[in-house]
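One structure below.
Values below: every heavy atom of this structure, side chains too, minus hydrogens, waters and symmetry copies.
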Amino acid sequence: MQKKESFLVNRLKSVGYAFKGAIYLIRTEASIKVQVFCAIAITIAGFYFDISRTEWLFQIALIGLVIGLEGMNTAIESVADFIHPDRHEAIGKIKDIAAGAVFIAAICAMITALIIYVPKIF
């Protein structure tokens with residue numbers, strides 16, 4: 001019988017797998033690279049314009065939401081391609097819905113960035 005690992009060991013392994021997945025996304029997915037670039041740029045802008053604590057909270061939450069949804073979109077597309085590699089109407093619809101979720105989050109993030117930064121620029 002195999003010895004069961006401790007809760008802490010299992011959590012550390014889970015964090016390791018998650019980190020490995022995040023690095024894989026950043027290295028291999030063009031859309032994630034764009035999102036990470038935007039996140040870095042907007043973070044630099046946050047320091048430059050000395051945004052408030054509340055503005056930082058919104059900015060960080062939306063960066064996390066957009067990048068997280070982009071990762072989920074990539075995972076959904078990968079599963080869909082694995083299940084049905086050929087073009088299929090239902091698979092296309094699933095992929096479009098996942099991409100639409102990222103699009104909605106990105107639009108909300110952009111509107112929030114405009115609300116934060118336009119008054120500071122003009």
Nearest-0.5 Å distance that lies between atom [atom1] in [X] and atom [atom2] in [Y]:
X	Y	atom1	atom2	answer
I32	I67	CD1	CD1	6.5 Å
L69	I104	CG	CD1	9.5 Å
D96	I91	CG	CD1	11.5 Å
K4	N10	NZ	CG	8.0 Å

*Are any non-hydrogen side-chain atoms of T112 and Q59 less than 4.5 angstrom apart?*
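T112 vs Q59: side chains apart.
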
*Check ion pair R11-E5 (N to O, under 4.0 angstrom)*: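 Salt bridge absent between R11 and E5.
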
_Does this structure show an ion pair linking D50 with K120, if we count only N-O contacts that are shorter than 4.0 Å?_
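Salt bridge absent between D50 and K120.
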
*Please check if atom CZ in F49 has more than 12 non-hydrogen atoms from other residues, nucleotides or ligands closer than 6.0 Å.*
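Counting other residues, nucleotides and ligands, CZ of F49 exceeds 12 neighbours.
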
_Tell me if the NZ atom of K33 is crowded by more than 12 foreign heavy atoms within 6.0 Å._
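Yes, the 6.0 Å shell around NZ holds more than 12 heavy atoms from other groups.
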
*Nearest non-hydrogen partners of S31 and E70, listed with the distance*: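 Looks like OG-OE2, 3.2 Å.
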
*Which atom names give the shortest non-hydrogen contact between T43 and I63, and what distance separates them?*
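The pair with the smallest heavy-atom distance is OG1-CD1, 4.0 Å.
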
*Would Y117 and E55 count as having a side-chain donor-acceptor pair, cut-off 3.5 Å?*
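No pair is found: no donor N or O on one side chain lies under 3.5 Å from an acceptor on the other.
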
